[in-house]
Number of protein chains: 2
Amino acid sequence: MEAVKEPEIITDKNQMRKWSRAMRCKGKTLALVPTMGYLHQGHLSLVDEARKHANLTVVSIYVNPGQFSPSEDLSTYPSDFRRDVLKLLSVPGGVDVVFHPYNLYDYKTDRRNVEEKEDNVDRSVGWRNLEGGGEVSCVEEKGTGHETWVRVERLEKGLCGKSRPVFFRGVATVVTKLFNIVEPDVAVFGKKDYQQWKIIQRMVRDLDFSIRIIGSEVVRDNDGLAMSSRNVHLSVVEREKALSVSRSLFKAKLSTTEGCKSSKSLRDMIIQTIEEAGGKVDYVEIVEQESLEAVDEIKNPVVVCVAAWFGKVRLIDNIEIDI
Amino acid sequence: MEAVKEPEIITDKNQMRKWSRAMRCKGKTLALVPTMGYLHQGHLSLVDEARKHANLTVVSIYVNPGQFSPSEDLSTYPSDFRRDVLKLLSVPGGVDVVFHPYNLYDYKTDRRNVEEKEDNVDRSVGWRNLEGGGEVSCVEEKGTGHETWVRVERLEKGLCGKSRPVFFRGVATVVTKLFNIVEPDVAVFGKKDYQQWKIIQRMVRDLDFSIRIIGSEVVRDNDGLAMSSRNVHLSVVEREKALSVSRSLFKAKLSTTEGCKSSKSLRDMIIQTIEEAGGKVDYVEIVEQESLEAVDEIKNPVVVCVAAWFGKVRLIDNIEIDI
């Protein structure tokens, strides 16, 4: 039996890069699993996947303010760094480094000497609405603050991009930052965030990152609910209602194998199922797997994507239909 | 006397990265000088500067369609690869690699086996106006073509950003690509393209590239004209007229040392000088060196930036005033 591997915890980006470069020069390959922490079995499956593709595994834990708008749930996003590290200890083979930076958008202060606050990190960051409107995230600043954003202009528009206008530019930007700090050979993303996975793949191609992107399958609880850090905010009753999402997705997939190829009737069924359970649908879309463009009739591989609210919690889920 | 160093010519991006990584693991540091070719003494001064900051020097030569709008001068941008390589041979100490990719936006074809066309490269790329308007560059495509752009949202707006709306996102994007392919420790940019230099500095900070950006001084011909690849398109008469740009900038700097701190009177003088010479002013702006924000009165270090047309040629120039 393998001994439990204690990961090295790195909070400084320069130290992180130094470690990565030293390993590369030793001929080691490196996999990155970017997370926002509050790890669950879904994240651990990403780590398992990562270990298949590289010699060493880095898990980053960073709640990225750049992908939240001021009206979203940055302040209540769950966090428990100690528990996360304990969970990573349970992964067979363990992980090599946990990269846990303090604030990736603070360019004024050298945080290397600041005592780390760990579980109780203050994520408050300034933001102000920029003149001339436009999209605003929690790191928007005037003056000499952060102002560079990576946009994947077509793929970011649909699905979650409609109701979360700063989300994907925030994701693409922080992933670019993490890639430039960690310099991995491989990075693993969960297919539960399907659009995010596709956007990162496209970005890596378009910006010539030398990184292979792996999509890892959705992990579900026994009752079918896709695992998400946000599930912790669901009450027992809301959680019961939320099962309507996966239930309707499974039903949709079954219907297509039984011959139903009409996006409209599948969407109607899913919307009805979720609404009858008491959820509020944000969107139900049936899109091509590569372009994420909506289809009327299922002729090629598609993915059925859902976002819905249960109380104050917005959940997403999807199912691939390979035809 | 040092022997003339023949640079290695690399056209394939994977080969370029492989070379760079091999050198890094040997402990060598690497400087990149990104150019669009048609090299002049200004470029060679960037190479000189680069050699001061790293063990090895890579010069990239690539006319980037992503920074031209369809109405701009991509098709007539001058190019002579053989002559460029000869010029680089004349730099004391030489350069180690010339990176000369074929098309950095073509993700379909593996160009590694395509015979290189060198001087006569076909740069034609498809573009179509995207639905919903927006900015269009020569690489804009629908479907699965390139769609990722790096935006430095505040600094890109003023000065040249006003009349060339796709320019800086094209520059930031191709420089990101080059950084990810060449993986240098240092990159050198000419301060003649002042806004570009500042944008790249900001981008490197915001995206956590581990690259030091060096700004290199403007190089001028004996008559004062700032060197530019586009100068070749000036007729003798236009060239004479174009001298009004540097002449007025020198005069403005002199005026400030003599006590004139009013942006308005300096701008008026510059505009009048250029117009009287027969140029057509695009803009004259006096801006803070860091924020590039216009000032009414010169109290802090500023840069006076000019863009003007002489015939069909648009020239830019600037002068720093450190107060």
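By convention in this document, chain letters (A, B, ...) are assigned in the order of the sequence lines, proteins followed by strands, and residues within each chain are numbered from 1.
A heavy-atom distance below 4.5 Å is not found between the side chains of B:R205 and A:T148. For the pair B:D206/A:Y105, no side-chain contact is recorded, criterion being any heavy-atom separation below 4.5 Å from C-beta on.
With chain B as partner, the option from A:T173, A:L104, A:L155 having the largest number of non-hydrogen pairs under 4.5 angstrom is A:L155. Residue with the most contacts toward chain A among B:L178, B:I199, B:V150: B:V150 (heavy-atom pairs, distance under 4.5 Å). Note on A:R17, A:E183, A:K13: by heavy-atom pairs under 4.5 Å with chain B, the leading option is A:R17.
For B:D322, the CG atom counts as densely surrounded, since its 6.0 Å shell holds more than 12 non-hydrogen atoms of other residues, nucleotides or ligands. Counting non-hydrogen atoms of neighbouring residues, nucleotides and ligands closer than 6.0 angstrom, the NZ atom of B:K28 reaches no more than 12 such neighbours.
Side-chain atoms of A:D208 never come within 3.5 Å of backbone atoms of B:K177 as a donor-acceptor pair (strictly under, hydrogens ignored). No donor-acceptor distance shorter than 3.5 angstrom exists from the side chain of A:R151 to the backbone of B:E147, with no hydrogens or angles considered. Between the A:R154 side chain and the B:G145 main chain, a donor and an acceptor come within less than 3.5 Å of each other.
Heavy atoms of B:S291 lying under 4.5 Å from chain A are absent altogether. Neither the backbone nor the side chain of B:I211 comes within contact range of chain A; no heavy atom of the residue lies under 4.5 Å from a heavy atom of that chain.
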Could you walk me through whether A:E293 and B:K142 satisfy the salt bridge (Lys or Arg N to Asp or Glu O under 4.0 Å) test, starting with their C-alpha distance in whole Å, then the side-chain angles of each, then the deciding distance to 0.1 Å, before giving a yes or no?
CA-CA 12 Å; A:E293 278 173 20; B:K142 286 190 179 180; over 6 Å; no
Could you check B:E140 against A:E153 for side chain to side chain contact (heavy atoms under 4.5 Å, CB included), going step by step and ending with a plain yes or no?
CA-CA 11 Å; B:E140 212 90 32; A:E153 295 196 349; 4.2 Å; yes
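Taking OG from A:S210 and CG from B:N14, the interatomic distance works out to 7.0 Å, rounded to the nearest 0.5 Å. Between the CH2 atom in A:W149 and the CE atom in B:M203 there is a gap of 15.5 Å [rounded to 0.5 Å].
Nearest approach of B:D185 to A:R21, heavy atoms of both residues: OD1-NH1, 4.0 Å. When all heavy atoms of A:L207 and B:N180 are compared, the closest pair comes out as O-ND2, 2.9 Å.
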